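Every chain is numbered from 1 and lettered A, B, ... according to where its sequence line falls, protein lines coming before strand lines. As the structure is a prediction and not an experimental result, all values here were calculated from the model.
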Protein chains: 2
Amino acid sequence: MGTTHVEQGFEPKHRQLKTVLSEALETEFAVGQVLPNERELAARFGVARATLRQALEQLELDGRLQRRRGVGTTVAPPRTVVDVSASPDSWPGGPGDDWDVTGRTRGLPPLTVARLLGTAADEPVETVHRYRGGDGRPVAVEVLYIPSSRLGGSAVAGPADGSSADDAEEGRRVLRRLHRFALDGLDRSVELGSATDEDAGRLGRLPGAPVLVVTSQYVVAGTVAAVGVATYRADTCRLTIGDRNG
Amino acid sequence: MGTTHVEQGFEPKHRQLKTVLSEALETEFAVGQVLPNERELAARFGVARATLRQALEQLELDGRLQRRRGVGTTVAPPRTVVDVSASPDSWPGGPGDDWDVTGRTRGLPPLTVARLLGTAADEPVETVHRYRGGDGRPVAVEVLYIPSSRLGGSAVAGPADGSSADDAEEGRRVLRRLHRFALDGLDRSVELGSATDEDAGRLGRLPGAPVLVVTSQYVVAGTVAAVGVATYRADTCRLTIGDRNG
DNA sequence: AAGTGGTCTAGACCACTCC
DNA sequence: GAGTGGTCTAGACCACTTC
């Protein structure tokens, strides 16, 4: 007896499960509450664990659940709202900026960044790392790439391994040097990506976790003075852009 | 010890596979080219098909691959760039707008939308559906919610089932009525979501496919005159915001 | 009808967190 | 050590596209 139930469309089990769980989350669970473990849920719904996990995965992608290995699955709080608008003075590290500089290095940028900067592939750039928290959770990490040639003037400090407190101070210094220039424009793009091993660690997720990648091009006098690649946790963040018109 | 972050030296197979495949995509395959099928790839790498699929899934999420049931897996072209900036006249359906109105209905909005509109949960609203293509592919669908009470003036046309050519014309008419008002502000947010059954169909994807949900609040005289919920294919789109500063 | 990706199963073991 | 989610296997069948 095949389930020859042809009702204009076929609905997979994991999809039905998602619907059922979704409703249960609204009616029977409170934010932060721990769900029964996967083995029990699967048994309760009469499906294989892998099938249940497909449903849970989607609910996590939608920001409805939070799963932590060794801990359990909990009902997620509403997504953290993060403003990514461009304001009149939007230089990184400027006033009102709620990022923390965590390090600084110097080296070759990824090819895609070099292309955005318009630099040669073998031109080393200043690289500043930043971290942004919110609601007590990690929200984003960002890497800023700034060609030394566009910082003007004097030389930069000595070697840097990218992690010490001194490196953070050096990073802030690099950013301050940017502030001397007038920011003419700021172009941003948003796309879906997956966390690198490194970013995943900093964001408290597993590698490959879905992230929103926000790429910023800071324009000074018609050329790109800096490029930022920010990686936001896609499960827990909602990005807002407040645009104002005449 | 505090929150010391210790490196974990373990790398899952699907992650290694992703790396290997990623390199192969760059060196051995051209855009549009079809990959060997999953069963063969799995055999070639000596892993179970489910494991291979984990790697493929991520590559698709990253916009590197495109998988179609019954067809195969191909190397994806670069993501379609879509501008979601607010311009001085950003009313939906205004000049330079590259959306196609596909239908119109009237009914109760989702609760979340009613909250954004500031209307009572039981107040019916005009509902206009739009479609946006690009590079010959579906890019996004949007549903616009407009409280009739904020359209002013005369009554609306008769019954609508939401799909006929007449409904599209009605939809355009509703939007035109908006254009009489001065748009004071436009707030947008971007977050990750998954396609509903309906949206998935229109976007040529399976239900649950990852999408970027762009929510727009159109403000007139301090109140929200309309709300738009646009659903962009996350695998094939990159959203850009061109901000300009003084 | 053949071939593809999508779904599903019933196990097993591993990495991690917490007690 | 107990309990959690994460990974992995080796199958099977289904929905869909194409020929």
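Among residue pairs with one or both ends in residues 70-80 of chain B, those qualifying as salt bridge (charged side-chain N to carboxylate O under 4.0 Å, His left out) are A:Glu191-B:Arg79; sequence neighbours excluded.
By the side-chain contact (heavy atoms from CB on, under 4.5 Å) test, A:Glu198 pairs with A:His129, A:Thr196, A:Arg202, sequence neighbours left out. For B:Glu142, the side-chain hydrogen bond (donor to acceptor under 3.5 Å, both in side chains) partners are B:Arg130, not counting sequence neighbours.
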Just distance, no hydrogens or angles: give the donor-acceptor pairs under 3.5 Å from side chains in residues 23-36 of chain B, sequence neighbours left out.
unit_1, atom_1, unit_2, atom_2, d
B:Thr27, OG1, B:Glu23, O, 3.1
B:Gln33, OE1, B:Ala30, N, 2.9

Show the atom names and distances, to 0.1 Å, of all donor-acceptor pairs under 3.5 Å that link a side chain in residues 42-52 of chain A to residues at least two apart or in another chain.
unit_1, atom_1, unit_2, atom_2, d
A:Arg44, NH2, A:Glu40, OE2, 2.7
A:Arg49, NE, A:Glu38, OE1, 3.0
A:Arg49, NH2, A:Glu38, OE1, 3.0

Quick one, give me the B/S/- string for nucleotides 5-12 of chain C, reading 5' to 3', where B means a protein heavy atom under 4.0 Å from the base and S means that only happens at the primed atoms, P, OP1 or OP2.
BBBSB--B

